[in-house]
Amino acid sequence: MVIQYKCPECGSNMLFDAASGKLKCESCDTKFEIENASFEGEIQTVEECKEEATYMDPGEVREYHCQNCGAVILCNPNTTATKCSFCDSPVVLQDRLDGVLAPQLVLPFEINKETALTSFKEWCKKAVYSPLSFRQQLRIKELEGIYVPFWFYDIAGQGEVLMEGTISTTHREGNYEVTITKHYDVYRRLDLRYNRIPEDASQRMDDHLMDLLEPFKNEKLTAFNNQYFAGYVAEKYDYTADEMFDRAKKKVENFMDTYVKGTASQYSTVRIKNKAYQLTKTKVDYTMVPVWMMYIKQDDKDYTFAMNGQTGKISGVPPVSVKVCLGKIGLYSVIIFILLRLITVLLGGPVL
């Protein structure tokens, strides 16, 4: 089923507006609350138009027709929301959001496209070792707002930990400085709960980029509604909750290591000698997370950056210019030389 939301006042497309958190007409600015939208989007079901929604190659590409201009929309197997490439109308593919594919929760976008672009340009200006063209004349190939599929885990962690703690004291004995270090066995039993541990479930997205976007505003989690997708791209998950659980467990194990070391802060140093953790997932929510993806072309190389669609936090590695780096090294060398000469003169040394 293809869904396109139309304004009841003028008939134009309605998009989810990140600034207001409402559906907004792109022509007359009419707004509707998501939860209580008092209009009906234009809906065409697959059954009503079998010729317009057929599998060209099972499991690969599916064909839809735009209800605005009639153009063909070809979607990969994971796409759940997109735009018509001819008229730019937003399209939500309802048949890919039903049953086990239906998300439970969504974190709506809070940053719109214009703000994302401005923030990214400001971030690029701070990349002091990048080429000047990257910092001042940014060439963005594509800026795309995507709802990325995540699994949010609630995990219970129990276990036992044996650590070695040390306490060091120092005193003087004549001309000698003596350090005495005492070693202690430290035992802890743990029973902890961790909620909303996020794991990217998309094969397309780089896991490291997604990890660096954390934390998310989990207090803004809301029940899923198709209308949040209007105007954005969205994908369904590639990896199941069971397949991603091992990665979530590694995160929680690191959290537990940090926590247990923090309980032994009276020691000068703490080292985990042995540990036995048992982690159990108590709840899993299929959640759509807002991400702005930026694709950059710089010196014939492609660079990908991601921005948290709520907080504006950016992840990615900017290009590095050898020429700029050498220039910085030369400048710093001159500054250090001048400072050393000034110190030498002030201490009574010769003036060159």
Side-chain angles (χ1 to χ4, degrees), residues 53 55-64 73-83 85 90-109 116 140-153 155 196-216 221 224 226 228-229 231-254 281 283-297 301-310 313-317:
Y55 279 108
M56 297 176 65
D57 184 4
E60 291 298 329
V61 178
R62 193 165 187 175
E63 178 182 311
Y64 296 86
I73 302 172
L74 297 179
C75 301
N76 66 46
N78 292 341
T79 302
T80 57
T82 186
K83 291 183 179 180
S85 58
V91 176
V92 178
L93 309 180
Q94 178 62 44
D95 55 309
R96 298 188 177 188
L97 295 168
D98 286 334
V100 296
L101 299 178
Q104 284 95 32
L105 300 171
V106 61
L107 286 169
F109 273 92
I140 298 180
K141 289 172 55 181
E142 187 177 4
L143 175 61
E144 187 177 42
I146 303 178
Y147 278 102
V148 180
F150 270 70
W151 296 110
F152 275 29
Y153 297 88
I155 298 176
R196 309 298 190 193
I197 303 298
E199 283 300 336
D200 162 35
S202 171
Q203 186 177 27
R204 172 187 171 190
M205 297 300 166
D206 182 278
D207 290 338
H208 184 60
L209 278 184
M210 296 298 106
D211 286 344
L212 292 175
L213 295 182
E214 298 178 29
F216 300 105
L221 282 166
F224 174 73
N226 291 336
Y228 289 111
F229 283 4
Y232 295 92
V233 175
E235 297 184 347
K236 69 179 182 66
Y237 62 84
D238 292 291
Y239 303 110
T240 65
D242 288 339
E243 289 173 327
M244 296 306 299
F245 185 52
D246 282 345
R247 198 167 189 274
K249 286 198 296 186
K250 290 179 182 178
K251 277 187 182 178
V252 171
E253 286 177 359
N254 290 333
K281 63 174 179 283
K283 184 181 179 184
V284 183
D285 288 315
Y286 178 25
T287 305
M288 305 305 288
V289 172
V291 177
W292 285 105
M293 297 298 299
M294 280 80 64
Y295 304 97
I296 311 297
K297 191 80 170 181
K301 292 183 179 180
D302 294 319
Y303 296 86
T304 300
F305 301 87
M307 176 187 290
N308 186 317
Q310 294 180 300
K313 185 179 181 182
I314 297 172
S315 64
V317 179

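Numbers here simply count residues along the sequence, with the first being 1.
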Next on the checklist: With side chain to side chain contact (heavy atoms under 4.5 Å, CB included) as the criterion, how do V233 and M293 come out once you've worked through the C-alpha distance, each side chain's angles and the decisive distance to 0.1 Å?
Outcome noted: CA-CA 11 Å; V233 175; M293 297 298 299; over 6 Å; no
Item to check | Audit row: D302, K141, side chain to side chain contact (heavy atoms under 4.5 Å, CB included) steps and yes/no | outcome: CA-CA 9 Å; D302 294 319; K141 289 172 55 181; 3.2 Å; yes
Checklist outcome for this item: dist F245:CZ -> T240:OG1 (nearest 0.5 Å) comes out at 12.0 Å
Checklist outcome for this item: The reported gap from CD in E253 to CG in D246 (rounded to nearest 0.5 angstrom) is 9.5 Å
Item to check | Heavy-atom pair with the smallest gap, counting every atom of E214 and K313 | outcome: O-NZ, 2.7 Å
Next on the checklist: Run D211 and R247 through side chain to side chain contact (heavy atoms under 4.5 Å, CB included) and show every step you take.
Outcome noted: CA-CA 11 Å; D211 286 344; R247 198 167 189 274; 2.6 Å; yes
Item to check | Heavy-atom check, side chain of M288 versus side chain of L105, under 4.5 Å | outcome: no
Item to check | Heavy-atom closest contact (D238 atom, Q203 atom, distance) | outcome: OD2-N, 2.7 Å
Item to check | NZ/K250: more than 12 non-hydrogen atoms of other groups inside 6.0 Å | outcome: no
Next on the checklist: Is it the case that the side chain of W151 and the backbone of Y239 share a donor-acceptor pair, with hydrogens and angles ignored and the cut-off at 3.5 Å?
Outcome noted: yes
Item to check | side chain to side chain contact (heavy atoms under 4.5 Å, CB included) between K281 and D242, worked out | outcome: CA-CA 10 Å; K281 63 174 179 283; D242 288 339; 3.0 Å; yes
Item to check | Steps toward ring pair (Phe, Tyr, Trp, His ring centres under 6.0 Å) verdict (Y228, Y147) | outcome: CA-CA 9 Å; Y228 289 111; Y147 278 102; 7.4 Å; no
Checklist entry - Considering only heavy atoms from C-beta outward, does the side chain of M244 approach that of Y153 to under 4.5 Å? => result yes
Item to check | Between NZ on residue K251 and CD1 on residue I155, distance to nearest 0.5 Å | outcome: 9.5 Å
Item to check | Separation of K283 NZ from R196 CZ (nearest 0.5 Å) | outcome: 5.0 Å
Checklist entry - Less than 4.5 Å apart, any side-chain heavy atom of Y303 and any of K301? => result yes
Item to check | E144 and R204 ion-paired at < 4.0 Å | outcome: yes
Checklist entry - Looking only at heavy atoms, which two atoms of G309 and W292 are closest? And how far apart? => result CA-CD1, 4.1 Å
Checklist entry - Which pair of heavy atoms, one from A306 and one from M210, lies closest together, and at what distance? => result CB-CE, 3.9 Å
Next on the checklist: Classify the ring geometry of F150 against F152: parallel below 30°, tilted from 30° to 60°, perpendicular beyond 60°.
Outcome noted: perpendicular
Next on the checklist: For a quick test of reading the model, state the closest non-hydrogen atom pair linking P108 to P290 and the distance between them.
Outcome noted: O-CG, 3.8 Å
Checklist entry - Is there a donor-acceptor pair under 3.5 Å between the side chain of D206 and the backbone N or O of H208? => result yes
Item to check | Within the 6.0 Å centroid threshold, strictly below: Y232 and F109 | outcome: yes
Checklist entry - Say you draw a straight line from CG of L212 to CG of D207; how long is it, rounded to the nearest 0.5 Å? => result 11.0 Å
Next on the checklist: With a 3.5 Å distance limit and no angle check, can you tell me whether Y286 reaches the backbone of A241 through a side-chain donor-acceptor pair?
Outcome noted: no
Checklist entry - Ignoring hydrogens and geometry, is there a side-chain-to-backbone donor-acceptor pair from N308 to L213 under 3.5 Å? => result yes
